[in-house]
2 protein chains.
Amino acid sequence: MVSTAHCDTCSLHPLCLPLGLSENDLSKLEKIIRRGRPIQKGEHLFRQGEPFQGIFAVRTGTLKTYTLTNDGEEQITGFHLASELIGLSNFDSDIYNSSAKALETTNVCEIPLDRLDELAGELPALRRHLLRTMGKEIRGDQQMMLLLSKKSAEERIGSFLLNLASRFKRRGFSDKTFRLSMSRADMANYLGLAVETVSRVFTRFQKQGLIDITGNAKEIAIIDQQSLWDLAALSESERSELNLINIEQR
Amino acid sequence: MVSTAHCDTCSLHPLCLPLGLSENDLSKLEKIIRRGRPIQKGEHLFRQGEPFQGIFAVRTGTLKTYTLTNDGEEQITGFHLASELIGLSNFDSDIYNSSAKALETTNVCEIPLDRLDELAGELPALRRHLLRTMGKEIRGDQQMMLLLSKKSAEERIGSFLLNLASRFKRRGFSDKTFRLSMSRADMANYLGLAVETVSRVFTRFQKQGLIDITGNAKEIAIIDQQSLWDLAALSESERSELNLINIEQR
DNA sequence: CGTAGACTTGACGCCTCTCAACGTTAGTGG
DNA sequence: CCACTAACGTTGAGAGGCGTCAAGTCTACG
């Protein structure tokens with residue numbers, strides 16, 4: 001049920017944790033990595049409050065991570081595709097402070113915490129990669145803060161779709177056609193919108209010929225990527241053209 | 001102009017980077033830390049795009065960090081008090097991807113990147129502390145995402161004030177009376193609100209007897225901390241009491 | 001084939017933004 | 001020491017985007 005990994009033959013090698021490691025270092029890393037059984041859709045990889053034992057790398061599938069607010073509501077903190085690391089935000093605690101749930105059948109590699117710590121001392125490349133990855137996550141979260149605090153519903157959803165597209169592209173998939181493994185409710189939660197708003201913006205985008213959504217509302221095709229880019233990045237300034245004075249004052 | 005540090009006599013010792021280091025380890029850390037001249041209000045510690053040479057610990061004063069959006073607008077990513085580390089989100093890059101500006105006269109300790117990397121290999125405690133600190137930052141950002149995506153203006157400002165209060169308390173200052181070193185515009189920017197909204201909420205809080213603001217609008221006194229807590233954490237559920245059905249569906 | 005959950009669509013109202021004007025503070029130079 | 005001014009902060013009026021509520025449609029699964 002649990003087997004050691006073979007990073008050298010894994011197709012995610014160039015994106016994942018082993019990035020930048022020598023062959024010798026890599027074999028050390030492989031020894032501590034464990035692969036468990038697949039996680040089914042809806043199953044938890046870990047739950048908020050459980051002891052923090054290790055971080056995970058997604059091999060196939062998609063997960064969402066989320067925390068619970070004081071009111072018991074769910075706040076989604078991220079969607080995680082193949083090769084992405086989960087659990088990095090837990091280093092300051094001995095329990096998981098978020099939950100991770102599979103959005104479809106998913107395989108992960110587990111990297112036990114204690115072994116990782118030792119290895120980080122031995123391998124400078126691994127250590128730097130860890131810090132880099134966490135730095136990237138902080139920057140991503142800050143981009144998200146920007147999105148949530150300054151962008152309109154259309155800009156948020158446009159950015160979200162383009163972000164997904166570019167992540168799929170990096171993984172060798174099409175950035176024009178892909179499957180949205182999360183529900184509308186999950187998107188809305190993540191983007192700080194109401195489900196109804198997400199739905200409305202999707203249909204608006206479709207009417208404008210920016211995207212195309214097939215039958216089950218899961219498959220999406222990006223038709224006019226350029227317009228989406230313009231909309232996601234620049235409609236703030238478009239709006240600003242109407243009140244230049246106000247902008248210049250800031 | 002540049003002198004080495006003396007962490008052992010620094011009052012921030014128990015909060016800052018040296019946390020958990022032995023005396024021997026500490027002296028190694030001290031050797032690489034540099035103190036420069038004070039930074040005046042409005043001056044930059046570093047600017048977005050400059051080469052990433054090191055991280056900083058705040059000794060006295062306050063800084064804000066911010067990034068520039070596509071439109072050239074400023075997005076504030078955080079306010080930093082004494083003992084807090086700045087620059088951690090840059091590990092994946094060779095340039096600073098944000099700017100840091102002093103909100104008042106400020107002193108910092110600089111930790112050069114290359115030396116820090118070496119030392120992180122030698123000292124497991126330092127290594128773990130770094131990871132922990134970054135983990136904490138990620139969690140903080142995720143709390144911020146929650147605030148921005150789900151909370152009302154009153155909740156945001158209430159949370160913000162309580163957050164500041166608790167950080168002051170940890171540093172041995174009063175959590176009842178303190179100085180807001182940032183402008184209303186900075187607060188508004190950080191919290192994703194308009195300046196006018198911030199101003200209005202402040203006066204509303206004052207009328208309700210929650211806070212008191214003296215003359216220059218910088219000094220604030222927390223009068224009714226409990227009510228602020230209730231408001232910041234629970235007004236979501238207060239509002240929910242009016243439409244219970246909807247909550248239960250989620 | 002039927003039901004539950006996911007998604008869509010429409011009507012309505014409120015919170016917050018925008019715009020505009022005014023008051024206040026701090027820093028400058030006469 | 002005071003007048004002047006620019007930056008900062010406050011207050012009010014109006015408008016619009018998005019959330020809420022409600023009802024209907026579609027899809028998946030037993």
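Just the heavy atoms: all of them, side chains too, but no hydrogens, waters or symmetry mates, feed the values below. A note on names: the letters A, B, ... follow the listed sequences, proteins ahead of strands, and every chain is numbered from 1.
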d(CG, A:Asn189; P, C:dA6) in whole Å: 14 Å
B:Arg200 (side chain) and D:dG12 (base): donor-acceptor pair under 3.5 Å: yes
Between D:dT25 (C1') and A:Asn216 (CG): distance, integer Å: 15 Å
Closest to side chain of A:Thr203, choosing from C:dA26, C:dT9, D:dG19: C:dT9
Whether A:Tyr96 and A:Phe52 hold their rings parallel, tilted or perpendicular, with breakpoints at 30° and 60°: perpendicular
Selected nucleotide, minimal atom distance to A:Ala217 side chain, candidates D:dC18, C:dT8, D:dG9: C:dT8
Side-chain donor/acceptor of B:Thr77 to backbone N/O of B:Thr65, under 3.5 Å: yes
Whole angstrom value for the distance that separates P of D:dA28 from CD of A:Glu219: 11 Å
A:Lys218 vs C:dC7: side-chain N/O to OP1/OP2 distance below 4.0 Å: yes
Integer-rounded Å distance: D:dT10 P and B:Ile211 CD1: 10 Å
Bend angle of the helix from C:dC1-D:dG30 to C:dG30-D:dC1, end axes from five pairs each (to 10°): 40°
Between D:dC18 (C1') and A:Arg156 (CZ): distance, integer Å: 10 Å
Passing candidate, salt bridge (Lys or Arg N to Asp or Glu O under 4.0 Å) with B:Glu84, options B:Arg171, B:Lys136, B:Lys64: B:Arg171
Nearest-Å distance for atom pair CZ/C1', residues B:Arg184 and C:dG23: 14 Å
Test item: B:Phe56 and B:Leu63 side chains (from C-beta on) under 4.5 Å apart, heavy atoms: no
Sidechain N-carboxylate O distance under 4.0 Å for A:Lys41, A:Glu104: no
Minimum-distance nucleotide to B:Ser199 side chain [options: D:dT11, C:dC7, D:dC18]: D:dT11
Under 3.5 Å donor-acceptor, A:Arg59 side chain and A:Thr106 backbone: no
Which residue lies more 5' along DNA chain D, comparing A:Glu154 with B:Ala185 via nearest heavy atoms: B:Ala185
Distance in angstrom units between A:Lys150 NZ and C:dC17 P, rounded: 10 Å
Side chains of A:Gln75 and B:Ser149, donor plus acceptor under 3.5 Å: yes
Side-chain donor/acceptor of A:Glu196 to base of C:dC7, under 3.5 Å: no
Length of the CE-C1' vector between A:Met187 and C:dT8, whole Å: 13 Å
side-chain N/O A:Thr197 vs D:dG19 OP1/OP2, d < 4.0 Å: yes
